[in-house]
Amino acid sequence: MFKKEDQKYNLISYTNEEELTLKEVLLDKLNFSVRSISKMKREQSVFVNGVFKKPSTKLKKGDLIEVKIEEEMANFEPQNLNLNILYDDFDIIMVNKPPFMVVHPTKSHFDNTIANGITYYIKEKNEKVKVRFVNRLDMNTSGLVIVAKNAYAHHTLSVDMGNDAVEKKYITVVKGIVENDEGTINEPIYRPTEDSIKRIVDEKGQASITHYKVLERLNDATVVEVKLETGRTHQIRVHMSHIGHGIIGDELYGYVDESLINRQALHAYSLSFNQPRTKENLEFKAELPNDIKNLIEKLRKNN
């Protein structure tokens, strides 16, 4: 059992409830891998009632198991970017990413990224955290990004994502009037060449499933809520374009009119998942940014 008040970003604390070996608890109750258990043994970072114990140790009910997490910080330059941080606990930080901000430094965007802003934020809190992103958004997509504070949280949430246990919803504004009130696009997405940025619908691709629901019909445009069942690169952009309703402002797949909006009108507005340790359901919503609100207003007025 995890007691919430005993958890720290660098310490996992678990009260044993059955007569098992330490290895069994680490594998079955805490979902550690065999590899990470070997590492704990080597680094002597797992304790029972305050004393280092080997994985073969037999446990009694009520024994306190503690796993120390010691990590080097990633070498992102800390920058005060006034990030909009919606939530912060011992495992995760939830950020509402503005449009035009890159998640992670790249050759062309080496600073002013979410990673730089998060590094500043955690240094201010005197935490030593290696920044790990559980999900990523394109530079021109706004909305919710989960940052894991330790490998344990990152692994747990990544497994949950793979098992469709993380609910991801987006709001987008697409060109044209979507006739059906709701629907599912089940089309494989393929990258035609190694260096291609653009993806296409092709039977050679990976299975990709997108559910959509019409929220409002505007002047030759539709506001749509999209729920992802799979998480392929550019999935929503490719799928909406495939059904003839490209995202407004999307230069690669959609319809561009800079008098309406100067980026793709796509916002990751809702995330629901279980906290990695306590398993309580966490649900987050990020309000639509002003540029998408303004776009909707313009298209309402013209309607």
Side-chain angles (χ1 to χ4, degrees), residues 1-15 17 28-33 36 65-67 69 71 81-98 101 103-104 114-115 117-119 121-122 124-125 127-138 141-172 209-211 213 215 225-231 235-236 266-289:
M1 177 177 70
F2 286 106
K3 284 187 187 153
K4 204 169 170 179
E5 62 274 14
D6 295 339
Q7 308 306 317
K8 298 189 175 106
Y9 77 95
N10 57 359
L11 183 78
I12 294 171
S13 176
Y14 180 84
T15 306
E17 296 176 292
D28 303 337
K29 305 293 179 188
L30 304 187
N31 299 315
F32 278 109
S33 64
S36 46
I65 299 153
E66 291 176 310
V67 180
I69 303 166
E71 293 190 315
L81 303 177
N82 291 317
L83 292 179
N84 180 6
I85 290 174
L86 305 180
Y87 177 82
D88 177 6
D89 70 12
F90 39 84
D91 279 330
I92 62 163
I93 299 169
M94 182 62 77
V95 188
N96 183 8
K97 179 182 108 57
M101 188 179 273
V103 168
H104 205 277
I114 297 281
I118 286 288
T119 302
Y121 172 78
I122 56 185
E124 288 291 295
K125 291 185 70 188
E127 291 186 354
K128 209 174 171 193
V129 171
K130 189 171 182 173
V131 175
R132 290 177 171 90
F133 291 99
V134 177
N135 67 320
R136 300 189 180 213
L137 299 176
D138 298 333
T141 302
S142 53
L144 296 168
V145 174
I146 312 170
V147 181
K149 287 189 173 184
N150 49 62
Y152 180 79
H154 185 263
H155 172 72
T156 305
L157 286 170
S158 299
V159 168
D160 284 354
M161 276 199 171
N163 294 334
D164 297 332
V166 176
E167 190 182 75
K168 298 177 274 187
K169 288 183 186 172
Y170 293 70
I171 287 178
T172 185
I209 301 171
T210 304
H211 306 282
K213 187 168 84 181
L215 298 180
E225 179 191 270
V226 177
K227 188 172 148 189
L228 287 184
E229 199 168 303
T230 51
Q235 181 172 321
I236 296 171
L266 181 60
H267 179 67
Y269 97 101
S270 171
L271 270 174
S272 171
F273 55 90
N274 290 337
Q275 207 289 337
R277 293 187 222 186
T278 65
K279 302 302 175 199
E280 66 183 306
N281 186 256
L282 300 174
E283 200 171 317
F284 300 95
K285 294 242 186 323
E287 196 187 347
L288 274 180

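Owing to the predicted nature of the structure, the values given are computational and were not obtained by experimental measurement.
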Can you sort out the partners of [X] under ring pair (Phe, Tyr, Trp, His ring centres under 6.0 Å), two or more places apart, ordered by chain and number?
X	value
His211	none
Tyr170	none
Phe90	none

**Request:** List the steps and the verdict of side-chain contact (heavy atoms from CB on, under 4.5 Å) for Asn274 and Leu157.
**Result:** CA-CA 8 Å; Asn274 290 337; Leu157 286 170; over 6 Å; no
**Asked** Is Glu167 salt-bridged to Lys169, going by a charged N under 4.0 Å from an acidic O?
**Response**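 Yes, Glu167 and Lys169 are salt-bridged.
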Checking [X] now: which residues fulfil side-chain hydrogen bond (donor to acceptor under 3.5 Å, both in side chains) with it, not counting sequence neighbours?
X	answer
Asn96	none
Ser33	Ser36
Gln7	Arg277
Thr141	Gln264

Got a sec, which residues hit side chain to side chain contact (heavy atoms under 4.5 Å, CB included) with [X], two or more places apart in sequence or on another chain?
X	value
Leu282	Tyr87, Ile92, Phe273, Gln275, Glu280, Phe284
Lys29	Tyr14, Glu18, Leu20, Val25
Glu287	Lys293

**Test side-chain hydrogen bond (donor to acceptor under 3.5 Å, both in side chains) applied to Thr230 and Gln235, step by step** = CA-CA 8 Å; Thr230 51; Gln235 181 172 321; 2.9 Å; yes
Answer yes or no: is there a side-chain heavy-atom contact under 4.5 Å between [X] and [Y]?
X	Y	value
Tyr9	Ile93	no
Leu144	Tyr269	no
Ile114	Val95	yes
Leu30	Phe2	yes
Val147	Ile122	no
Ile12	Ile65	no

Which value, rounded to the nearest 0.5 Å, describes the distance between [X] atom [atom1] and [Y] atom [atom2]?
X	Y	atom1	atom2	value
Arg136	Ile146	CZ	CD1	12.5 Å
Lys8	Asp89	NZ	CG	14.5 Å
Leu228	Thr210	CG	OG1	5.5 Å
Ile171	Leu266	CD1	CG	10.5 Å
Lys168	Glu229	NZ	CD	10.5 Å

**Request:** List in chain and number order the residues that pass salt bridge (charged side-chain N to carboxylate O under 4.0 Å, His left out) with Glu283, two or more places apart in sequence or in another chain; answer none if no residue qualifies.
**Result:**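 By the salt bridge (charged side-chain N to carboxylate O under 4.0 Å, His left out) rule, Glu283 matches Lys285.
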**Prompt:** For atom NZ of Lys213, is the number of surrounding heavy atoms from other residues, nucleotides or ligands below 6.0 Å larger than 12?
**Reply:**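 No, NZ of Lys213 has 12 or fewer neighbouring heavy atoms, counting only those of other groups under 6.0 Å.
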Please name the pair of heavy atoms, one in [X] and one in [Y], separated by the smallest distance, quoted to 0.1 Å.
X	Y	answer
Val103	Leu137	CG2-O, 3.7 Å
Ala148	Val134	CB-CG2, 3.9 Å
Ile118	Val131	CG2-CG2, 3.7 Å
Leu83	Gly117	CD1-C, 3.5 Å

**Prompt:** For residues 143-161, which residue pairs qualify under side-chain hydrogen bond (donor to acceptor under 3.5 Å, both in side chains), counting only residues two or more places apart or in two chains?
**Reply:**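 Pairs touching residues 143-161 that pass the test: Asp88-Lys149, Asp91-Asn150, Glu127-Lys149.
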**Request:** Please test Ser142 against His267 for side-chain contact (heavy atoms from CB on, under 4.5 Å), starting from the C-alpha separation and ending with a verdict.
**Result:** CA-CA 5 Å; Ser142 53; His267 179 67; 2.7 Å; yes
**side-chain contact (heavy atoms from CB on, under 4.5 Å) between Val166 and Ser272, worked out** = CA-CA 6 Å; Val166 176; Ser272 171; over 6 Å; no
**Request:** Evaluate the criterion side-chain contact (heavy atoms from CB on, under 4.5 Å) for residue pair Thr15 and Glu17; output intermediate values, then yes/no.
**Result:** CA-CA 6 Å; Thr15 306; Glu17 296 176 292; 5.7 Å; no
